[in-house]
Amino acid sequence: MLLYIDPGTGSMLFSLFIGIAAAASFGLRALFMKIRFMFSVRKAEEERNEQAGLSDSVYPPPLKHDAGIPFAIFSDHKRYWNVFKPICDEFEKRQIPLAYYTASHDDPALTASYRFVRTEFLGDGNRPYAKLNFLRADVLLSTTPGLGVYQWKRSKDVKCYVHIPHAVTDLAGYRMFGLDHYDSVIASGENQLASMRELERLRPSIKAKEFVVVGSTYLDAMRARLETQGRSAASEKRTLLVAPTWGKSGILSRFGEKLLSALAATDFEIIVRPHPQSAVSEKDMLEALQKKFSSFEWNYDNDNFEVLSRSDIMITDFSGVIFDYSLVFDKPVIYADTSCDSLPYDADWLSEPLWEFTVLPKIGIGLKEEQFGQIESVVEKAMRSGQLKSGRDYVRSQAWQNQGGSAVSAADFLIAKQKKVAEGY
């Protein structure tokens with residue numbers, strides 16, 4: 001007699017079989033990745049030592065990712081070294097071991113002289129995230145949004161994920177769900193709190209994050225550098241810096257040739273500093289503009305200090321560099337009248353505009369497309385405005401708190417947090 005299985009039971013058994021097969025597949029894949037990772041760690045370290053001309057006898061052994069680390073930092077790009085360096089310096093000063101992982105092979109951290117801060121290049125592409133998914137650490141600090149959303153998953157062996165912003169702008173300016181899966185945020189000012197709490201209210205499935213104001217490490221370092229070496233020598237001509245964000249809402253994408261043509265007709269010395277992501281995502285557009293406006297200086301330096309220092313005024317859109325320029329160098333800005341498509345961002349959930357849009361009129365003058373032909377008069381107006389100076393002071397008090405003390409406060413927070421999570425609190 002043939003064994004009869006009714007359709008309902010058959011469907012259930014089939015679903016069970018598929019579930020078991022899927023679980024086994026994912027389990028084997030995870031095991032394979034872990035084994036591959038363990039072998040790749042040593043290989044990557046040997047390659048880096050060889051490039052640096054170092055031997056195993058004079059260089060410390062590679063970090064043991066599976067051994068458990070009290071403190072770790074992950075940087076997805078070398079441009080965030082200005083955020084992390086003051087914290088690394090503070091840990092070095094206190095002689096507290098810290099692991100620094102980077103996704104940039106030329107991250108300045110890799111050549112820094114530390115005894116207690118251990119640096120490592122994790123590889124290109126998705127390899128850093130594959131390795132971080134198996135990391136064991138008490139506390140991990142990062143500027144990278146999207147934890148638990150895309151390829152970077154929360155490791156079950158990391159007890160606390162801490163986010164540090166790389167700008168003083170609104171945290172709802174991140175791509176959708178950017179900070180949902182972090183445990184804590186150490187912010188530059190109270191201006192970064194309101195939208196974060198509103199997003200948590202709108203998404204009841206995510207837990208409320210701990211929020212602590214520590215200040216801005218990179219702004220502190222930039223101001224200290226300015227006080228030490230002073231401003232760059234001024235040009236005979238007035239120097240105008242074009243420093244946009246990237247994407248279809250940025251001024252180069254929206255107004256590129258028309259705006260730059262208007263600037264070419266002035267007597268200003270023009271510097272164009274595209275957003276680093278433009279060189280990746282908008283390469284064709286940049287190459288075309290750079291070819292047409294080859295008389296301009298096109299700046300792609302990893303360190304923006306020199307170009308910010310020697311310019312007299314900036315034209316931008318809603319890039320976070322507005323606040324670096326205004327708050328540290330105390331210079332005026334002109335912001336092009338460009339709309340921001342909020343759809344890909346957390347801001348799309350909110351009924352109120354991003355914080356930076358509410359304060360832009362306090363620190364800069366808006367520029368409409370029909371005013372491009374009168375750009376020189378707009379620049380003169382911004383340069384003479386005492387009201388913009390008062391506005392910069394106001395915004396600085398909101399967005400850059402605990403000035404000069406950010407690295408100490410950040411280290412204090414991380415050390416206290418590690419103690420709590422290590423003890424099971």
For this session: Please lay out, stage by stage, how Asp138 and Gln418 fare under the test side chain to side chain donor-acceptor pair (under 3.5 Å).
Result: CA-CA 6 Å; Asp138 290 336; Gln418 188 274 335; 2.7 Å; yes
Exercise. Does atom CD of Glu380 have more than 12 heavy-atom neighbours, drawn from other residues, nucleotides or ligands, at distances under 6.0 Å?
Worked result: yes
Seminar exercise, completed: Residues pairing under ring pair (Phe, Tyr, Trp, His ring centres under 6.0 Å) where one sits in residues 165-207, two or more places apart or in two chains, turn out to be Tyr80-His166, His163-Tyr174, His163-Tyr182
Exercise. Is the Tyr101-Trp152 ring centre distance short of 6.0 angstrom?
Worked result: no
For this session: Side-chain contact test, heavy atoms from C-beta onward, threshold under 4.5 Å: evaluate it for Cys88 versus Ile73 and give yes or no.
Result: yes
Problem set entry | For Val158, all residues meeting side-chain contact (heavy atoms from CB on, under 4.5 Å), sequence neighbours excluded | Leu135, Ala137, Leu140, Ser155, Tyr161
Exercise. Mind checking whether Phe255 and Phe372 have ring centres under 6.0 Å apart?
Worked result: yes
Problem set entry | Qualifying residues under side-chain contact (heavy atoms from CB on, under 4.5 Å), relative to Ser390, sequence neighbours excluded | none
Exercise. Yes or no on side chain to side chain donor-acceptor pair (under 3.5 Å) for Glu257 and Ser261, after CA distance, side-chain angles and deciding distance?
Worked result: CA-CA 6 Å; Glu257 186 171 340; Ser261 293; 4.9 Å; no
Exercise. Are Phe91 and Phe116 close enough that their ring centres sit under 6.0 Å apart?
Worked result: no
Exercise. More than 12 non-hydrogen atoms from neighbouring residues, nucleotides or ligands closer than 6.0 Å to NZ on Lys362, yes or no?
Worked result: no
Exercise. What do you reckon, are the aromatic ring centroids of Tyr218 and Trp400 less than 6.0 Å apart?
Worked result: no
Exercise. Hey, does Phe84 have a side-chain heavy atom less than 4.5 Å from the side chain of Leu141?
Worked result: yes
